[in-house]
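These figures come from a predicted structure and were not determined experimentally.
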Amino acid sequence: MTERSHRPQERIEHRAPSDCPVCGAQLAIIRLGCASCGSELAGVFRPCEFCALHDKEIEMPRVFLSSPGNLREAEKHLGVSYPTARLRFADLLEKLGLGETAEPESALTRDQILSEVASGALSPAEAKELISRL
């Protein structure tokens, strides 16, 4: 026997896809299974809206909630500028269907965004995204 056959098989968990790789429609959860006993439950189950988020997107609500809802604290934990933290939070809300239809009152001006890039607080890619939203 090889050394590989003596090792217990490691269980690798993958994130379930949320969209069909063939047509792009949202996938439905139709079967759940117990890894311990092998039992299965079949039906049509409501998908978890947070399960469709990527690891980087999940980081934002975790940090935000652990920072008592304070974006300034989230900014420090994430190591990004305040405008970037705000942009990530707005993107997260939009992806979850909770985004605002109107821009917040305190939106940065083009000059403020360019100043943030000059100081190194914003990357050019982040600035491009912010400017495209003006």
Listed partners of R72 passing side chain to side chain contact (heavy atoms under 4.5 Å, CB included), at least two apart: N70, E75, Y82
Sequence-distant partners of L114, side chain to side chain contact (heavy atoms under 4.5 Å, CB included), two or more places apart: R110, I131
Heavy-atom side-chain contact between L53 and L92 under 4.5 Å: yes
Side chain to side chain donor-acceptor pair (under 3.5 Å) involving Q26 - partner list, sequence neighbours excluded: none
Sidechain-backbone polar pair: S67 side chain, V63 backbone, donor-acceptor under 3.5 Å: yes
Residues in side chain to side chain donor-acceptor pair (under 3.5 Å) contact with R46, at least two apart in sequence or another chain: none
For E116, all residues meeting side chain to side chain contact (heavy atoms under 4.5 Å, CB included), sequence neighbours excluded: S81, P83, A121, L122
Qualifying residues under salt bridge (Lys or Arg N to Asp or Glu O under 4.0 Å), relative to K128, sequence neighbours excluded: none
Residue pairs passing the salt bridge (charged side-chain N to carboxylate O under 4.0 Å, His left out) test where at least one lies in residues 17-37, sequence neighbours excluded: R31-E40
Hydrophobic cluster of F45, others only, ordered by chain and residue number, side-chain cut-off 4.5 Å: I29, L32, L41
Over all atoms of both residues, closest heavy-atom pair of A85 and V80: N-CG2, 3.9 Å
Minimum heavy-atom distance C23-C20, with the two atoms named: N-SG, 3.4 Å
Which residues share a side chain to side chain contact (heavy atoms under 4.5 Å, CB included) with S123, sequence neighbours left out: A125, E126
Single-linkage hydrophobic cluster F50~L65, side-chain heavy atoms < 4.5 angstrom: no
Qualifying side chain to side chain donor-acceptor pair (under 3.5 Å) pairs with a residue from residues 54-66, counting only residues at least two apart or across chains: R15-D55, E57-K95
F64 CZ to L71 CG distance, which is reported to the nearest 0.5 Å: 5.0 Å
Rounded distance [0.5 Å steps], CZ in R86 versus CG in L130: 8.0 Å
Which residues share a salt bridge (Lys or Arg N to Asp or Glu O under 4.0 Å) with E94, sequence neighbours left out: none
Counterpart residues, side chain to side chain donor-acceptor pair (under 3.5 Å), relative to E129 (two or more places apart): R133
